[in-house]
Amino acid sequence: MSADQVIQLEKVNKWYDDFHVLKDIDLTVVKGQKIVICGPSGSGKSTMIRCINRLEAHQQGKIVVHGTELTNDLKNIDLIRKNVGMVFQQFNLFPHLSVLDNISLAPIWVKKMPKKEAEEIAMSYLEKVKIPEQAQKFPGQLSGGQQQRVAIARSLAMNPDIMLFDEPTSALDPEMIKEVLDVMIQLANEGMTMLVVTHEMGFAKTVADQMIFMDEGKIVEQAKPDDFFNNPQSDRTKLFLSQILNH
Amino acid sequence: MSESLTLSHNKYISWCRNNLFSSWINGIITILSLYFIYEVSTFFLNWTIFEADFVNNFRGEKITDRTFCSKNIEPGQHGACWAIIIVRFHQFIYGFYPVEEAWRVNLVYGLLPFALVGIFFDKVPFRKYFIYFTFLFPFIGYFLLYGGAGLDIVGTSKWGGLLVTLFLGVTGILLAFPLSIVLALGRRSKMPVIKTFCIIFIEFIRGVPLITLLFTANVMLPLFLPEGVRPDNLLRALVAVTLFQSAYMAEAIRGGLQAIPRGQLEAAQSLGLTYWQSTRKIILPQALKISIPPIVNTCIGLFKDTSLVLIIGLFDLLGVGRAAVADIDWAKLHYEVYVFISLVFFIFCFGMSRYSLYLEKKLKTDNS
C-alpha cells in the first residue's frame with residue numbers, strides 16, 4: 001500500500017441477515033481524491049461509506065484506513081473515527097446543545113482541548129461555513145441548510161483528513177441545497193479527501209475525480225466524470241443516468 | 001367607570017354567555033354544577049374549619065379526650081374535632097422520637113430544601129456549593145437523625161410518622177435514580193449477560209407487589225446475611241423501596257432512551273466520542289428530559305406506597321394515624337385522622353407534580 005492510499009477496501013461483503021448488501025467491494029482512495037458515489041436506493045452506497053468509519057460492521061474482506069485495519073478492536077475504531085468526519089442526511093445535530101456546544105463538544109471531550117480553545121476553533125469553523133452569528137442558537141431554530149452547515153463545521157472541528165458525506169442535501173428544501181454544496185466545493189478546493197454519496201450531478205461534475213455507480217450491492221462502474229457522464233459503459237448506468245439527468 | 005373597565009366587564013359577560021350558557025342544556029348543567037360545588041364546599045369548609053373544634057370545644061373547655069369533642073356532646077351539630085391531631089402532633093411528625101431531641105429532626109427538615117435546591121433548579125446563585133451540600137446531606141442527615149459522636153443515639157425503631165414517610169420516600173427516590181439509569185442502559189446493552197440480568201431484575205421486581213418485597217426484605221434478607229448481622233428494620237424497608245422504585249424508573253427512562261433517534265448516537269460516535277461520553281453528554285440528557293412525566297409519576301406512586309410499611313411494623317404517617325384511631329381515649333375519630341393524612345400526602349404529591357410541569361416548561365424553552 002503506497003503512502004498516498006488513505007482508504008482501501010478489499011473484497012468487502014456485508015449481510016443484513018439474509019440480505020446481501022455489499023458484494024465484493026474493492027475500492028482505493030488516494031489522499032486528496034474526491035469520489036462521488038451514486039446509485040438507486042438500496043444499492044448499498046450509504047452502507048459502504050458507513051462501513052468506513054464502522055457505523056456498520058462488514059463481515060468479510062478488509063477495510064484499511066490510514067494503514068489501520070478496521071476490526072472489532074475498539075482502539076482502532078476510535079483512532080479511525082477521530083480522523084474521519086461524517087455528515088449525515090438528517091444532520092443529526094444535538095438538539096439540546098447550542099450550535100457552539102455542538103461543535104466544541106468533540107474537541108473538548110475527545111481531544112481534551114481546553115473549553116476556551118475549543119470554542120475559538122468552533123467559531124472559526126462557523127465563520128468558514130458562513131454562519132458565525134448563529135453560534136448561540138439551538139439547532140431547532142435554524143433552517144435545514146444552516147443545520148447541515150453546522151453539521152459540517154462540527155465534523156471539521158475534529159480536523160479530519162477524510163470526510164464522508166451521506167446524501168448531505170437529500171433532506172433539504174431546493175433553495176437551501178446550494179449553500180451546502182458551496183461549502184462542500186470550498187472544502188474540495190482546499191484538498192480534503194472526500195467520499196460523497198449524492199445525486200447532485202452538477203456538484204459531481206464540478207468536484208469529482210472519480211464517479212462510482214453502485215447497484216444491488218456491487219460497484220457497477222467506476223470512471224472519471226467525463227467518461228462516466230459522456231460514455232457510460234454498462235446499460236444499468238446508462239438507464240440510471242438517463243433517469244436522473246432528464247427529469 | 002373607565003372605558004377599558006367597561007370593556008373587560010363586557011368581555012367577562014360574553015365569556016360567560018359563550019362558555020356557560022350557550023344553550024338551554026348548557027345553562028341547566030352550569031346551574032346544577034354550581035349548586036353541587038356550593039353544597040360540597042360549604043359542607044367541607046364548615047366541617048373542617050367553621051364548625052370544627054381545635055383546642056377547645058364549644059363550651060370553651062380544653063379537649064383532652066374524645067368525650068370533650070363538641071360533636072360527641074351535641075351529636076350532629078358540630079364539625080371535625082382536630083384536637084386528636086393537635087394532641088398527637090408530635091407523633092404524627094416525629095413518631096416516638098424523644099421530644100427533647102426533636103430539634104434534630106426539625107434541623108434535618110430545615111436543611112432538606114438546601115440539599116434539594118441545587119439539583120432542582122439550575123439557576124440558583126452558588127449552585128456549585130449547594131450541590132456539594134447535596135452530597136454531604138445524607139451523612140449530615142443520618143448523623144443528626146441517628147446520633148452518635150456527642151448526640152444521643154435514637155434508634156430507628158423510635159422514628160415514625162412523617163419522618164419515616166419522608167425518609168423512605170425521599171431517600172428511596174434519590175437512591176433509585178442512579179440505579180435506574182444503570183438498569184435502563186443495561187437493558188439496552190449489547191452484552192448478553194448484562195442485558196439478561198437487567199431484564200430479569202426489572203421484570204421480577206415489577207412483577208411482584210411492593211408488599212411482597214417488603215415482607216421479603218423484612219423476613220428473608222436476614223437469612224442471606226451472615227449470622228449476627230441484623231440490619232435495621234427501617235433500612236430493610238428502604239432497600240425494598242429502592243429496588244422497587246428503581247425497576248419502575250428504569251422502564252420510564254428506557255422509554256425515553258428509545259425515543260432518541262439512532263442518528264444521535266451515530267453522530268456522537270462518528271465524532272470519536274466513546275460509548276460513555278455519548279451516553280452522558282448526548283443520549284441521557286435528551287432521554288431524561290422526555291422521561292420527566294413518567295419518572296415523576298412513579299415517584300408520586302412510590303411516595304404514597306411507602307404507607308405500606310405499616311404492614312411490617314414501621315410507624316409511618318399512616319401507621320401513626322391508625323394508632324391514634326385505635327387509642328381508647330380518642331377512638332372513632334377516623335375522619336379527622338384520615339383527612340389530615342390525606343392532606344399531608346396531597347401536599348407532597350401535588351408539589352412533585354407541579355415541579356415536573358415547571359421542569360417540562362423550562363426544558364421546552366431551552367431548545368424550541
Side-chain angles (χ1 to χ4, degrees), chain A residues 46 49-50 52-57 72 74-75 77-99 101-112 136-142 147 150-151 154-160 162-166 171, chain B residues 119 121-123 127-128 181 184-185 188-195 253 255-293 295 356 358-368:
Chain A
S46 288
I49 68 166
R50 287 162 60 87
I52 293 172
N53 69 349
R54 196 72 174 190
L55 288 182
E56 307 273 356
N72 279 326
L74 285 174
K75 263 202 199 103
I77 296 174
D78 284 344
L79 191 71
I80 286 168
R81 281 179 181 159
K82 276 183 211 171
N83 292 312
V84 179
M86 182 147 190
V87 175
F88 301 85
Q89 182 179 354
Q90 300 296 341
F91 330 136
N92 294 348
L93 292 180
F94 307 131
H96 61 301
L97 299 178
S98 71
V99 164
D101 290 343
N102 260 278
I103 304 173
S104 60
L105 180 88
I108 291 171
W109 288 90
V110 180
K111 290 196 163 172
K112 312 287 176 207
Q136 301 306 328
K137 290 198 183 160
F138 285 93
Q141 298 167 310
L142 304 186
Q147 290 194 45
V150 172
R154 180 176 68 176
S155 269
L156 291 177
M158 285 298 286
N159 201 15
I162 303 167
M163 286 286 286
L164 309 173
F165 291 85
D166 188 1
Chain B
I119 43 173
F121 303 99
D122 63 347
K123 293 216 170 68
R127 180 168 184 229
K128 203 167 73 179
I181 292 178
L185 291 174
R188 286 164 55 86
S189 163
K190 287 197 183 104
M191 286 175 266
V193 177
I194 291 177
K195 185 178 171 148
I253 293 172
L257 288 172
Q258 266 166 347
I260 307 300
R262 214 184 128 69
Q264 291 290 307
L265 183 63
E266 289 180 348
Q269 287 180 334
S270 76
L271 288 167
L273 272 76
T274 63
Y275 170 79
W276 286 110
Q277 286 172 335
S278 316
T279 303
R280 211 184 114 207
K281 306 302 288 184
I282 307 300
I283 306 301
L284 271 183
Q286 297 185 59
L288 290 179
K289 189 172 98 182
I290 303 173
S291 319
I292 290 168
I295 286 178
S356 111
Y358 155 82
L359 211 54
E360 275 171 58
K361 220 183 250 168
K362 186 179 93 67
L363 291 172
K364 202 173 261 168
T365 49
D366 263 9
N367 54 339
S368 59

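Values below: all heavy atoms of this structure, side chains included; hydrogens, waters and symmetry mates excluded. Naming convention: chains lettered A, B, ... in sequence-line order (proteins, then strands); numbering from 1 in each chain.
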Leu156(A) side chain near Met163(A) side chain, heavy-atom distance below 4.5 Å:
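When only atoms from C-beta onward are counted, Met163(A) and Leu156(A) do touch, with a gap below 4.5 Å.
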
Does the side chain of Met86(A) reach to within under 4.5 Å of the side chain of Arg50(A), using non-hydrogen atoms?
yes

Checking heavy atoms, do the side chain of [X], its backbone, both or neither come under 4.5 Å from chain B?
{"X": "Phe88(A)", "value": "side chain"}
{"X": "Leu79(A)", "value": "neither"}
{"X": "Val87(A)", "value": "neither"}
{"X": "Arg154(A)", "value": "both"}

Any donor-acceptor N/O pair, Asn102(A) side chain to Leu97(A) backbone, under 3.5 Å:
yes

So if I take each residue of residues 255-264 of chain B and look for any heavy atom under 4.5 Å from a heavy atom in chain A, which residues do I end up with?
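Within residues 255-264 of chain B, the residues under 4.5 Å from chain A are Arg262(B), Gly263(B), Gln264(B).
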
If I measure from the heavy atoms of chain A, does Gln277(B) come under 4.5 Å with its side chain, its backbone, both, or neither?
side chain

Inter-residue atom distance [X].[atom1] - [Y].[atom2], 0.5 Å rounding:
{"X": "Ser278(B)", "Y": "Leu105(A)", "atom1": "OG", "atom2": "CG", "answer": "9.0 Å"}
{"X": "Ser291(B)", "Y": "Ile253(B)", "atom1": "OG", "atom2": "CD1", "answer": "6.0 Å"}
{"X": "Ile49(A)", "Y": "Ile162(A)", "atom1": "CD1", "atom2": "CD1", "answer": "12.0 Å"}

For each of Arg81(A), Arg54(A), Lys82(A), Lys137(A), tally heavy-atom pairs with chain B at distances under 4.5 Å, and name the one with the top tally.
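The candidate making the most pairs under 4.5 Å is Arg81(A).
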
For chain B, find which of Ala106(A), Ala151(A), Pro160(A) contributes the most heavy-atom pairs closer than 4.5 angstrom.
Ala106(A)

Identify the two heavy atoms, one from [X] and one from [Y], that lie closest to each other, and give their separation to 0.1 Å.
{"X": "Ala157(A)", "Y": "Pro107(A)", "answer": "O-CG, 3.9 Å"}
{"X": "His96(A)", "Y": "Ile282(B)", "answer": "CE1-O, 3.6 Å"}
{"X": "Lys111(A)", "Y": "Asn159(A)", "answer": "NZ-CB, 3.7 Å"}

